[in-house]
Amino acid sequence: MNQEIKNKIANWLLNPDNPIDNKEELPNKLKKEGLENIFNEIELPLVDVLRSMEELGIKINKNEVKKLLTKYNKELKVLEKKIYKEAGEEFNINSPQQLSKILFEKLDIEPRGRATKSGLHSTRAEKLQELKEEHSIINLIIKYRESFKIKSTYLEPLFKLGDRVHTTFLQTSTATGRLSSQNPNLQNIPSVVKKVFIASSGYELVSLDYSQIELRILAGLSNDPKMLKAFKADQDIHRLTASQVFDIPLDKVTSEERNMAKTLNFGIVYGMGAVAFARSSGLSRKEARHFIEEYFSDFKKIKKWQEEVKERARKNGYVENLNGRKRWLPAITSTNKFLSSEAERAAINMPIQSLAADIIKLAMIKVHQQYKNDDVRLLLSIHDELLFEIKSDKVNSVVKKITQIMESVYNFPVHLKVDVSVGKNWADL
DNA sequence: AGGAATAGCCC
DNA sequence: GTACGGGCTATTCCTA
């Protein structure tokens with residue numbers, strides 16, 4: 001294999017901030033840092049898998065792209081006209097600067113909160129959402145932005161490409177070991193655009209995704225008894241959290257309460273604070289703080305695990321996952337509170353996110369070596385999901401085997417459950 | 001031409 | 001007064 005690629009990966013694993021030119025030194029360095037296994041068993045075998053995925057590409061229905069493009073163009077024209085009429089003049093809706101002046105100066109809409117450092121008020125969708133009742137132009141702007149995004153970022157670039165779309169996977173671009181995808185990025189396709197991605201004729205598109213993998217990893221790493229028990233019984237984890245935090249029986253949890261618990265569960269993985277939880281749940285800050293405290297008193301081991309991770313990060317200057325993958329976080333001892341807190345949140349998340357990344361990479365490698373014929377094509381990897389094209393008459397048997405591979409590829413105390421869906425296009429899945 | 005700022009899509 | 005982890009891309013606008 002190309003030495004350049006090896007060096008790049010080695011440096012990425014070691015410490016991306018201080019790359020080493022001397023390639024004779026790298027193998028010893030890897031060994032010394034405990035990264036030999038990840039290098040040899042994960043990253044190097046993955047290179048060929050990624051190359052194969054990139055070469056295969058994924059089929060798109062160009063007619064469907066064209067149809068959507070026409071639809072969105074028409075819609076945008078109508079919205080544009082209505083917006084100009086409401087504003088009383090024509091302006092560039094895509095310019096936050098001009099839009100801000102129209103909304104908050106000309107139309108005299110009262111902004112919530114303070115201006116940004118440029119002196120103008122933000123026009124982010126999240127802020128506009130709060131001003132919906134103030135003026136009928138707001139909803140039009142929100143819709144315009146959504147449609148323009150779909151058209152300019154997804155539909156137009158796709159239309160310029162061939163019948164099969166070939167992304168480039170970046171193996172060394174993330175701090176946690178995840179893959180990224182560029183040119184085009186096929187890891188952030190909106191649900192409305194997914195329907196243009198289709199199976200080759202004679203094949204089905206099949207998606208296999210790890211169910212709640214990050215929360216399962218959190219349960220396993222923290223050894224929290226309630227969470228472990230819930231996953232063992234294959235319970236609805238968000239329902240359990242709601243029942244614990246709001247102190248109500250499992251069968252009395254409303255969908256609203258379950259949603260809040262879901263936000264809380266994900267927020268915990270990301271190190272979310274009370275302010276962010278309040279904002280995303282609609283609770284007051286006081287209530288939000290109360291429920292976060294409640295969460296940590298119900299799941300005591302999670303709090304303990306997080307504190308241990310932060311402590312180790314401060315001591316070592318890096319965090320690592322179960323496989324020894326490292327992330328350096330020098331800012332964690334900064335006297336700047338913002339910087340140290342930011343590093344703490346990254347520290348808490350890294351052992352979880354990076355282990356999930358390792359697991360799906362191992363699964364990709366194993367599946368790829370299992371299927372050398374053309375009946376099974378691994379097309380995309382989207383963090384916790386693998387997207388395949390599988391010969392129609394082979395789907396049932398193959399899916400069983402791949403599920404088995406994905407669920408057993410990594411030995412972990414919590415069952416890693418895989419969900420499957422099959423269809424003719426990506427939106428069906 | 002290139003980068004910062006702003007915005008928004010995904011897991 | 002305020003701070004949710006990890007990515008990529010498009011547009012505007014300012015600076016060199």
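Numbered from 1 within each chain, the chains take letters A, B, ... in sequence-line order.
Under 4.0 angstrom from either OP1 or OP2 of dG7(C) there lies no side-chain N or O belonging to Thr176(A).
Rounding to whole angstrom units, CD1 of residue Ile189(A) and P of dT9(C) are separated by 11 Å. Spacing between atom CG of Leu179(A) and atom P of dC8(C) amounts to 11 Å, rounded to whole angstrom units. Regarding Asn349(A), its CG atom lies at a distance of 9 Å from the C1' atom of dC4(C), rounded to whole Å. Spacing between atom CD1 of Ile141(A) and atom C1' of dG8(B) amounts to 15 Å, rounded to whole angstrom units. Here the P atom of nucleotide dC10(B) and the CH2 atom of Trp426(A) are 11 Å apart, to the nearest Å. Protein atom CD of Gln98(A) is 15 Å distant from nucleotide atom P of dT11(C), rounded to whole Å. Across the protein-nucleic acid pair, Phe104(A) atom CZ and dT6(B) atom P stand 14 Å apart, rounded to whole Å. In this structure, Met350(A) places its CE atom 12 Å from C1' of dG6(C), rounding to the nearest Å.
Nearest-nucleotide positions on DNA chain C place Phe277(A) closer to the 5' end than the other of Phe277(A) and Gln97(A). In terms of position along DNA chain C, the nucleotide closest to Arg114(A) lies nearer the 5' end than the nucleotide closest to the other residue of the pair Ser180(A) and Arg114(A).
Using a 4.0 Å heavy-atom cutoff across all strands shown, Ala125(A) reaches sugar-phosphate atoms only and no base atom. Backbone-only engagement by Leu170(A) is indicated by non-hydrogen atom pairs under 4.0 Å involving sugar-phosphate atoms exclusively. Heavy atoms of Ser341(A) sit under 4.0 angstrom from at least one base atom. Counting any heavy atom pair closer than 4.0 Å across all strands shown, Arg279(A) reaches sugar-phosphate atoms only and no base atom. Residue contacts for Ala356(A): at a heavy-atom cut-off of 4.0 Å it reaches no nucleic acid atom on any strand shown. Contact annotation for Arg124(A): backbone-only contact, meaning every heavy-atom pair under 4.0 Å involves sugar-phosphate atoms and none involves a base. At the heavy-atom level, Lys127(A) lies nowhere under 4.0 Å from the strands shown. Gln182(A) comes within 4.0 angstrom of sugar-phosphate atoms only, judged by non-hydrogen atoms across all strands, and of no base.
For Phe291(A) and Phe246(A), the gap between ring centers is short of 6.0 Å.
Salt bridge status for Glu308(A) with Lys304(A): present, with a side-chain N to carboxylate O gap under 4.0 Å. Ion pairing between a basic and an acidic side chain is recognised when a charged N comes within 4.0 Å of a carboxylate O; Lys361(A) and Glu43(A) show such pairing.
Rounding to the nearest 0.5 Å places NZ of Lys143(A) at 9.0 Å from CD of Glu146(A).
Atom C1' of dT2(C) sits at a distance of 23 Å from the matching atom of dG8(B), rounded to the whole Å.
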